[in-house]
Number of protein chains: 2
Amino acid sequence: MTSPRANTLAVSTVIFALRPRGAGPSAHVLWVPLVRRTRDPFLNQWALPGGWLSAEEELEHAASRTLEETTGLAPKFLEQLFTFGDLDRTPGDRVVSIVYWALVQPTEADRAIVDDNVRWFAADALPQLAFDHNRIVAYALWRLRTKMEYSRIAQAFLGTSFTLAQLREVHEAVLLRPLDPANFRRSMESSGTLIDTGERVAGARHRPPRLYRYTSTEPTPPTDPTNRHEEFAHDDRIR
Amino acid sequence: MTSPRANTLAVSTVIFALRPRGAGPSAHVLWVPLVRRTRDPFLNQWALPGGWLSAEEELEHAASRTLEETTGLAPKFLEQLFTFGDLDRTPGDRVVSIVYWALVQPTEADRAIVDDNVRWFAADALPQLAFDHNRIVAYALWRLRTKMEYSRIAQAFLGTSFTLAQLREVHEAVLLRPLDPANFRRSMESSGTLIDTGERVAGARHRPPRLYRYTSTEPTPPTDPTNRHEEFAHDDRIR
DNA sequence: GCAAAAGTGTTTTATATACACCCATGC
DNA sequence: GCATGGGTGTATATAAAACACTTTTGC
């Protein structure tokens, strides 16, 4: 005789960073940190970072905390993605996972933790993950690509100032296609979200590019459910 | 001495229907069914239909079940909206609410249940609701309006066949602005989602309009997290 | 000078909008 | 006929894409 099933609440986070890669068509690729499971089910398999939700912790806080614990980084973008609760996604108790997604910049010589139980993987070449985590990452990737087209989350992969070429590189790496430099420049300039810092980057053997910053606020949708990250409104058009 | 707080899981649903109204600029308005709370907290105040989540019920099933129980209707559209879990949204135990939103057609002489504890309200003139439910409805409204512009959820308010004027009326009522009939026709025709049934509606004292149907499937985003409602992909772009 | 990327200009294409006007029906 | 929406045509404005060309640096 088995005891009745119970609901358990968990928070997980899909963390994206953009890192240079050896060679290939585009110079940067999306990477995702995963943690190795240290218990059953799916012992030793890779999974999204996350943990049980305590009754005293805000959802978003739980997401950014696990993010800090696995990458050592603070997110420049953090947003709720979806809540997964299919009955068959876990054996034993039913686990409802509130999943967030985050963008971080790979700073300070990849300050990111890398030990035997935490590793970064190329987002388009993941191994078989625990639970339904492959599906979750795939959905997060779709959301990232969709949102990149109408918002300015690209900045979250970069520092405070950047050249248009760097910003374009981010878009190209995420969208997986080349963008016309001339048209990209115009569309960014006309968006009104860029500020010319006046500075330039010398040193390369070509005309020194300008450095830009982002304006601090973006027109937020009337009712962002969280009202915490005005910089990047929640969906929308979850298109 | 108080016992430690616990997490509780609930599912609620924001249900929209489009119903004719007495007079005014547009002939139809959005309505939302609410239920009266029969216990504390917020005793007697109006709230979104919903209930506790059992460990044996799928999230979406819980949403459509409460929808059936409060309206007597089956949803033509049902999708996860957002998960609300702020610590201060409930007194006592912390309640995490997975909120769905749904569109129904007001069929069969408003088969909808109307008793002392269930009532329909105009979506733009709600009373003060229990918990954070005003904010939730506002967010659902924003999502409905956003999604109306790039998907074909409008059909969910209508029967299987409809005239272009009816479809336009839906858009106008949701978007709260008049649309050019000529341009609306063209944009719908060029979308490739409409099928001319060949039938017409006679009886009115003007040229009889054609009846259209929707094509059955829409290009789904690569990774709809649920894969159940291919007709209406989840955000995203939750644009 | 030459290579390479920054940056500007121009043309084409597609799409959205505004609005004039004809068509088919009921009365 | 006339009123009423159904339906077509067309001109204009705005934005996306394609691509030629000039500018500024390092070597």
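So you know, we letter chains A, B, ... as the sequences are listed, proteins then strands, and number each from 1.
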Query raised in the report: How far apart are the C-alpha atoms of B/Tyr139 and B/Arg143, what are their side-chain angles, what is the distance that settles it, and do they pass the side chain to side chain donor-acceptor pair (under 3.5 Å) test?
Result: CA-CA 6 Å; B/Tyr139 180 55; B/Arg143 181 96 146 237; 3.2 Å; yes
Requested in this report: Look only at the side chain of B/Gln166 and the backbone of B/Thr163, and say whether a donor-acceptor pair between them is shorter than 3.5 Å.
Outcome: yes
**Report entry** Shortest side-chain distance from B/Arg185, nucleotide among D/dG6, D/dG7, D/dC19
**Finding:** D/dG7
Report summary line: When B/Leu73, B/Val104, B/Leu78 are each screened for side-chain contact (heavy atoms from CB on, under 4.5 Å) with B/Ile15, the one that passes is B/Val104
Report summary line: DNA chain C: first to last nucleotide in contact with chain A (atom under 4.0 angstrom from a heavy atom), 5' to 3', is C/dA3 to C/dT10
Report task. Return yes if some donor-acceptor pair links the side-chain N/O of B/Ser151 with the main-chain N/O of B/Met148 below 3.5 Å, else return no. Result -> no
Requested in this report: Quickly work out the A/Glu149 CD to D/dA15 P distance and round it to whole Å.
Outcome: 18 Å
Requested in this report: Return the value, rounded to whole Å, for the distance between atom CE of B/Met188 and atom C1' of D/dG6.
Outcome: 17 Å
Requested in this report: To the nearest Å, give me how far apart CZ (B/Phe184) and P (D/dT8) are.
Outcome: 15 Å
Query raised in the report: How many Å lie between CD on B/Gln166 and C1' on D/dG6, as a whole number?
Result: 13 Å
Report task. Take A/Asn183 and A/Arg205, find for each the nucleotide of DNA chain C with the closest heavy atom, and name the residue whose nucleotide sits nearer the 5' end. Result -> A/Arg205
Query - For A/Val137 against A/Leu48, the heavy-atom pair lying closest together - result: CG2-CD2, 3.8 Å
Report task. Scan B/Arg210 against the nucleic acid and name what it touches under 4.0 Å (heavy atoms): base, sugar-phosphate only, or nothing. Result -> sugar-phosphate
Requested in this report: Specify the separation, in whole Å, of atom CD of B/Glu169 and atom P of D/dG5.
Outcome: 12 Å
Query - Closest nucleotide among D/dT8, D/dG7, D/dG5 to the B/Glu189 side chain - result: D/dT8
**Report entry** Residue-phosphate contact under 4.0 Å: B/Arg168 side-chain N/O, D/dG5 OP1/OP2
**Finding:** no
Requested in this report: Verify side-chain contact (heavy atoms from CB on, under 4.5 Å) between B/Ile136 and B/Leu129, making sure each step is shown before the conclusion.
Outcome: CA-CA 10 Å; B/Ile136 294 178; B/Leu129 305 185; over 6 Å; no
Report task. Verify, without hydrogens or angle tests, whether B/Gln80 (side chain) and A/Thr83 (backbone) share a donor-acceptor contact under 3.5 angstrom. Result -> yes
Query raised in the report: DNA chain D: A/Pro208 or A/Arg177, which has the more 5' nearest nucleotide?
Result: A/Arg177
Query - Separation of D/dT25 P from A/His206 NE2 (nearest whole Å) - result: 12 Å
Between N or O atoms, less than 3.5 Å apart, protein on one side and nucleotides 20-23 of chain D on the other: list the pairs.
from: D/dT23; atom 1: O2; to: A/Arg207; atom 2: NH1; distance (Å): 3.1

**Report entry** Partners passing salt bridge (Lys or Arg N to Asp or Glu O under 4.0 Å) against B/Glu189 (at least two apart in sequence or in another chain)
**Finding:** B/Arg185
Query - Along DNA chain D (nearest heavy atom to each residue), the more 5'-positioned of B/Arg200 and A/Gly203 - result: B/Arg200
**Report entry** For atom CG of B/Leu179 and atom C1' of D/dG6, their distance in whole Å
**Finding:** 16 Å
Query raised in the report: Do B/Thr71 and B/Trp120 have side chains that get closer than 4.5 Å, going by heavy atoms?
Result: yes
